[in-house]
2 protein chains.
Amino acid sequence: MAEKVTIYDISKKLKISAATVSRALNNNPKISEKTRELVLKTATEMNYKQNRLAQALKSGRTNNVGVIVPFINRSFFSSVIRGIEEELSPHGYHVIICQTHEDVNNEIKQIDTLLNTQVDGIFMSVAKTTQDTTHIQKALAENTPLVFFDRKKDVKGLSSVVIDDFKGGYLATKHLIEQGCKKIAHFSGDLNVEIYKNRRQGYLKALKDNGITPLKRFSLPVNSKLESGTSAVKDLWKFDEKPDAIFSSSDYAALGAIQELRQMGIKIPEEVCVVGFSNEPFTKYMELPITSVDQTPFEMGKIAAQVFLEQIEGSKTLTIEKKVVLTPELYIRDSSNRKL
Amino acid sequence: MAEKVTIYDISKKLKISAATVSRALNNNPKISEKTRELVLKTATEMNYKQNRLAQALKSGRTNNVGVIVPFINRSFFSSVIRGIEEELSPHGYHVIICQTHEDVNNEIKQIDTLLNTQVDGIFMSVAKTTQDTTHIQKALAENTPLVFFDRKKDVKGLSSVVIDDFKGGYLATKHLIEQGCKKIAHFSGDLNVEIYKNRRQGYLKALKDNGITPLKRFSLPVNSKLESGTSAVKDLWKFDEKPDAIFSSSDYAALGAIQELRQMGIKIPEEVCVVGFSNEPFTKYMELPITSVDQTPFEMGKIAAQVFLEQIEGSKTLTIEKKVVLTPELYIRDSSNRKL
DNA sequence: TAATTTAGTGTAATCGATTACAGCAAAATC
DNA sequence: GATTTTGCTGTAATCGATTACACTAAATTA
């Protein structure tokens, strides 16, 4: 029941050609006012709905975009996706989501199927393990705009929206120094990943700018797990010279560290200040709220979407390569606020 | 460059008809082994990619499904979506996401555009304000399977996957009683929303089953905000007879309550036990981890997807109306664990 | 009045893949 | 040797909307 009504049904009913119906519906100026009104009226009467598939096939535009992320239920990614959706939805685009589970092979597959379904654009945050970029270049080859966000690769012709991780690391470290900390440890993520490398660089620069010589032993890699933070603290506190602050590239590791420090009876922020990264929702809810660097994911999504729109609405031949860098925001909370 | 290769390009190159190419690619048994191999070889050589749009137009199936939720960056919803994606992706489906911002008007629009783009199915959690269901019936009229999850409406012919909110409320309350609590307050959400109503019913039943007469004053509505919990506690503690436990339908309100109670110097769980609902990520990270009812969102998504697959892969004429009810899980943590 | 412009509509091809039907050659049967 | 069957391939219509081009009648101009 409720068979789909096509322009042919309308054309038959009104005894005019389907072309005229199509033109009337598209407000083509060549159509007489009388016919247009008749067609529009009949269309609503018959409950006509445009078949966007047919239109897409003809025009080559689906009004769909794809978003590729490691996991959609990570707070950061879901917020970016929300930003993208809210910016593009008013323009008539739909957002298709894909997960890579941090696996390059999935990334390759996802790009392939997205290109197959003729999405008008792709947004992606690459998997941690991604090195080679030939799968990404495919999008370029097929003339499908691709915009990186957060985790990018340097591919000529592709735009990206990221935060200034260097600055994030710098801000966090500078803040700790301002609190009077001098022996600042750093939990970095996998240094093969650009963002973690940059955060560490920012950390080092801030130390240098303030005449502090970084201790190699104070800089250690963690993953985004609580336990990783607790064991890192254990390692650090084995030595005589203890840190008086921790800047962690992960909020989870920061939380783990805090738990372990409290366990050891160490006062936060009096004895040790702690700063995390990402501004995960839980950081502000803690009894001891954790200072963290916010990556403005919602903003990031919106801006990535805008970059895409610029590209798609600009001339087709011209490819834009835009590199947007957002400034992260430090949310200072009790875990590092000595209230000087 | 890299113009898209069609079956016509292959047919021209091999000097055979496009029909033969199509059949060869689809493993039609009528095609000779020799031709099939030749076509497949040439297809990969020429980097042929099927145009899923054309196929969709012909077959009437897009292999896209839509998911409609209030907000995608809520932990619960993004986890459900992940479940749906991971279940459907292996079957070749893509997931399109839509947000309603808890507004029925958006819901109506979203359903309309999804049906326009010919999705093969729709998953949705209705907005809080939704009463009328005519927009939902449209999907039914167009023969597009629609599966509700979590927040459903009773529409004949539509399936749903929800948790047993009654049981969730019952479990939480029973647990509090087992901890020795006798004066248990309840923070309910908007009682016009089915799930909140059911949780409250569960609460009341547990009290009744244990011979406790519910105090009307102990049951008060909150929204999902921290402040809502703090002010509710203030209200409750104005009276002489204080509660010795709180079962909150919202983790946020539970957290607000805990903060306020601590402010007032009240010991948790010794003097007052607190249980939340939803098992938001932050509940387990707190210094005083919060007991909460888990809604198994990932599971819920997977099962909703399975219900959809059953329906779509079954006979077209037969509509299945399946009502799946998942059992929630109580995660007992320090906020209510008196370690008897 | 004849020639030209203009406004409005129709015809038919197109986007790319699928498939009912037709057709033809080789193999099998009588 | 004639007929039927089998195996494989081609022709053309189809999904629904769009649009270049053609065309007709009315309006305008010469």
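Convention: sequence-line order gives letters A, B, ...; per-chain numbering from 1.
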- Message: So for the helix from C/dT1-D/dA30 to C/dC30-D/dG1, with five pairs setting each end axis, what is the inter-axis angle to 10°?
- Response: 60°
- Between A/N116 and B/R52, is any side-chain donor less than 3.5 angstrom from a side-chain acceptor? no
- Query: Using a heavy-atom distance cut-off of less than 4.0 Å, which residues of residues 10-25 of chain A contact DNA chain D?
  - Reply: A/A19, A/S22, A/R23
- Task: Select from B/L57 and A/I31 the residue whose nearest nucleotide in DNA chain C is closer to the 5' end of that strand.
- Result: A/I31
- Message: What is the distance, to the nearest angstrom, from the CG atom on A/N28 to the P atom on C/dG10?
- Response: 13 Å
- Task: Give every residue pair that meets the salt bridge (charged side-chain N to carboxylate O under 4.0 Å, His left out) criterion with at least one member in residues 117-137 of chain A, sequence neighbours excluded.
- Result: none
- Task: Dump the intermediate steps for salt bridge (charged side-chain N to carboxylate O under 4.0 Å, His left out) on A/E299 and A/K302, then the final yes or no.
- Result: CA-CA 5 Å; A/E299 275 290 299; A/K302 289 205 143 204; over 6 Å; no
- B/E86 bridged to B/R82 by N-O distance under 4.0 Å: yes
- Under the salt bridge (charged side-chain N to carboxylate O under 4.0 Å, His left out) rule, what do A/K41 and A/E37 come out as? Steps first, then yes or no, please. CA-CA 6 Å; A/K41 194 168 132 270; A/E37 275 169 21; over 6 Å; no
- Query: Where does the chain B footprint on DNA chain D start and end, counting 5' to 3' with a 4.0 Å heavy-atom cut-off?
  - Reply: D/dC8 to D/dG16
- Strictly by modelled atom types, are A/T130 and A/E107 linked by a side-chain donor-acceptor pair under 3.5 Å? yes
- Taking atom NZ of A/K322 as the centre, report whether more than 12 heavy atoms of other residues, nucleotides or ligands fall under 6.0 Å from it. no
- Message: So for atom NZ, which belongs to A/K323, do other residues, nucleotides or ligands contribute more than 12 heavy atoms lying within a distance under 6.0 Å?
- Response: yes
- Message: Closest-nucleotide mapping onto DNA chain D: is B/T35 or B/K58 further toward the 5' terminus? I mean the 5' end.
- Response: B/T35
- Hey, could you give me each pair passing ring pair (Phe, Tyr, Trp, His ring centres under 6.0 Å) that has a residue in residues 30-66 of chain B? Not counting sequence neighbours. none
- Item | Qualifying ring pair (Phe, Tyr, Trp, His ring centres under 6.0 Å) pairs with a residue from residues 83-109 of chain B, counting only residues at least two apart or across chains | B/F71-B/H101, B/Y93-B/F308
